[in-house]
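These notes are about the structure you will find just below.
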Amino acid sequence: MRVSGAKNAALPIMCAALLTEQPLALTNVPRLMDVRTMAKLLGQMGVSVGAQADDKLEIPATTLSNPEAPYELVKTMRATVMVLGPLLARCGRARVSLPGGCAIGSRPVDQHLKGLRAMGATISVEHGYMHARTERLRGTRIVMDLVTVTGTENLMMAATLAEGTTVLENAAREPEIVDLAKCLATMGARIEGAGSDVIRIEGVRALSGARHRVMPDRIETGTFLAAAAAAGGRIRLTGVAADSLEATLEKLREAGARISAKEGLLEIEMTDRPASVSLRTAPYPGFATDMQAQFMALAAVARGTAMITETVFDNRFQHALELQRLGANIAIRGDTAVVKGVERLQGAKVMATDLRASAGLVIAGLVAQGETVVDRIYHLDRGYEALEKKLFTLGARIERVK
Ligand code: EPZ
């Protein structure tokens, strides 16, 4: 089965198109609700985003008549906050709604604002909107108080057109940041250190258009591997970047899976009942928080007890309550879930609460006795391209019910 391009690389890269008047031609763009939402947001700024043809998308941000991100769109997808840096850098002004609450935890954007203010922007927050202005951003040294992925991406993009050099310290190191930096460099940006915790960006006067192939989705890859580890069997994934999910592969091997990786290809085989694996989520290269729910589903049917500690978000265990409805034995102790594996889960009706929680529930449904019905799958469609069709090709008995 072929994995799609990465949602969490495609979204910031679409925002990067705002940094130039010339078109950005993207390939390997996943067909997702979130990509459509971002295209809609760019559209209402005056950017005529071409229709997505298969995995191709062209974004010509020739003119930006309305550098604004309205609440109606921002509330549906927090990643829209990443237009703030590019709009400020390109237009010198932006009006962007504050993202508001989120199912997986309190997710403030203080680090985004701190960095842009340090670069000389004036930002006021009124009536739920961030109003930002600048003559021209100035390069400076910014030490992030904590590791934030979209914070790093927002500031890195803003710094590409700033006067002078910006140094981002305690930056996030996710592979999606490296993919964004690669695209920006093709547009003429001067960036060093993406993928490390210190990124240097030497500002330039203007950027140009470019062609870029979005990296493979490491979370989609990990989701299919976790499904195979829970259900047993042997699958091969193509179009992958195995080096972008090392921590996940290590935990799958610990669970007893045999994994082989070759250029662009990953194969997993699981013949026995998985062994319980404890884990602690952390910023990259640590274990991805976006894989936590899928591994909780795996732990629910594993032999032994797993301790799953969530350190990135403060409310990302809602799937545990739904897994309990399927007969899982899970106790939540603060930021740790104690999961005692059971022989067999029983199918039942469950409800998705967020994107990755829904993936965890689908995996649990694959191994539960009888039928499981996962409701509110609009969460799933935000980040997985035709998940049920892909699983069906791998032997799952799964269908989407209108
Ligand atoms: C990105 O979100 C991803 N989204 C998330 O994936 C992912 O879970 C997360 O990084 C962590 O890996 C995209 O890339 C579009 P953070 P982001 O800023 O950037 C706190 C998925 O399922 N924080 O790295 O929003 C924050 O509250 C999604 O695909 C501040 O306090 O996450 C959190 O506890 C879900 N102030 C922690 O930092 C800030 O200014 C890490 O958040 C920014 C963040």
Side-chain angles (χ1 to χ4, degrees), residues 4-16 30 32-35 37-38 41 74 76-85 96 98-118 123 125 130 142-157 168 170-180 197 214-215 217-223 244-245 247-248 281-294 310-316 318-319 335 352-360 379-385 387:
S4 302
K7 167 180 82 79
N8 291 347
L11 297 178
I13 289 171
M14 290 174 75
C15 297
L32 302 170
M33 178 52 90
D34 278 8
V35 168
T37 303
M38 190 62 89
L41 177 63
V74 171
T76 66
M77 182 176 75
R78 312 178 57 79
T80 46
V81 73
M82 287 189 286
V83 299
L84 184 57
V96 173
L98 274 172
C102 175
I104 63 176
S106 60
R107 298 176 72 182
V109 292
D110 57 300
Q111 295 301 303
H112 302 237
L113 302 184
K114 172 187 167 183
L116 292 169
R117 285 184 173 125
I123 306 179
V125 178
M130 299 174 276
I142 300 167
V143 182
M144 322 277 278
D145 302 330
L146 48 84
V147 174
T148 158
V149 176
T150 51
T152 300
E153 292 166 334
N154 220 342
L155 299 177
M156 185 167 75
M157 288 190 276
L168 292 181
N170 195 25
R173 304 167 54 188
E174 269 64 8
E176 292 77 15
I177 293 170
V178 177
D179 201 39
L180 172 62
D197 59 1
V214 174
M215 70 172 283
D217 196 313
R218 63 193 171 103
I219 306 299
E220 185 197 21
T221 306
T223 300
S244 68
L245 64 161
T248 298
T281 67
Y284 191 88
F287 187 89
T289 172
D290 294 348
M291 283 303 302
Q292 182 251 98
Q294 299 91 319
E310 175 57 56
T311 72
V312 178
F313 290 108
D314 50 22
N315 184 31
R316 204 170 201 180
Q318 294 180 69
H319 40 279
D335 64 359
T353 47
D354 63 78
L355 167 58
R356 307 304 172 183
S358 40
H379 288 291
L380 207 63
D381 293 336
R382 292 192 50 184
Y384 291 95
E385 189 177 326
L387 182 72

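Read the numbers this way: they start at 1 and go in the same order the structure lists the ligands and their atoms. A quick note: this is a predicted structure, and the numbers were derived from the prediction, not measured.
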At less than 3.5 Å, what protein N or O atoms come close to the N or O atoms of ligand 1? Include the distances to 0.1 Å.
| from | atom 1 | to | atom 2 | distance (Å) |
| --- | --- | --- | --- | --- |
| ligand 1 | 2 (O) | Arg107 | NH2 | 3.2 |
| ligand 1 | 6 (O) | Asn8 | ND2 | 3.4 |
| ligand 1 | 6 (O) | Asp290 | OD2 | 2.9 |
| ligand 1 | 8 (O) | Asp290 | OD1 | 2.6 |
| ligand 1 | 8 (O) | Asp290 | OD2 | 3.4 |
| ligand 1 | 18 (O) | Thr148 | OG1 | 2.6 |
| ligand 1 | 19 (O) | Thr150 | N | 2.8 |
| ligand 1 | 19 (O) | Thr150 | OG1 | 2.6 |
| ligand 1 | 22 (O) | Arg356 | NE | 2.8 |
| ligand 1 | 24 (O) | Val149 | N | 2.8 |
| ligand 1 | 25 (O) | Arg107 | NH2 | 2.8 |
| ligand 1 | 27 (O) | Ser106 | O | 2.9 |
| ligand 1 | 29 (O) | Lys7 | NZ | 2.9 |
| ligand 1 | 29 (O) | Asn8 | ND2 | 3.1 |
| ligand 1 | 29 (O) | Arg356 | NH2 | 2.8 |
| ligand 1 | 34 (O) | Val312 | O | 2.6 |
| ligand 1 | 36 (N) | Pro108 | O | 3.3 |
| ligand 1 | 36 (N) | Asp110 | OD1 | 2.7 |
| ligand 1 | 40 (O) | Pro108 | O | 3.3 |
| ligand 1 | 40 (O) | Asp110 | N | 3.1 |
| ligand 1 | 40 (O) | Asp110 | OD1 | 3.2 |
| ligand 1 | 40 (O) | Gln111 | N | 2.8 |

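A donor-acceptor distance shorter than 3.5 angstrom exists from the side chain of Asn170 to the backbone of Met144, with no hydrogens or angles considered. Put simply, the side chain of Glu220 never gets that close to the backbone of Tyr384: no donor and acceptor are under 3.5 Å apart. A donor-acceptor distance shorter than 3.5 angstrom exists from the side chain of Asn154 to the backbone of Gly85, with no hydrogens or angles considered. Side-chain N or O atoms of Glu310 include one that pairs as donor or acceptor with a backbone N or O of Val312 at under 3.5 Å. Of the possible donor and acceptor atoms, one in the side chain of Asp179 sits under 3.5 Å from a partner among the backbone N and O of Met215.
For the 3.5 Å distance criterion, the side chains of Gln292 and Thr281 fail to qualify, holding no donor opposite an acceptor.
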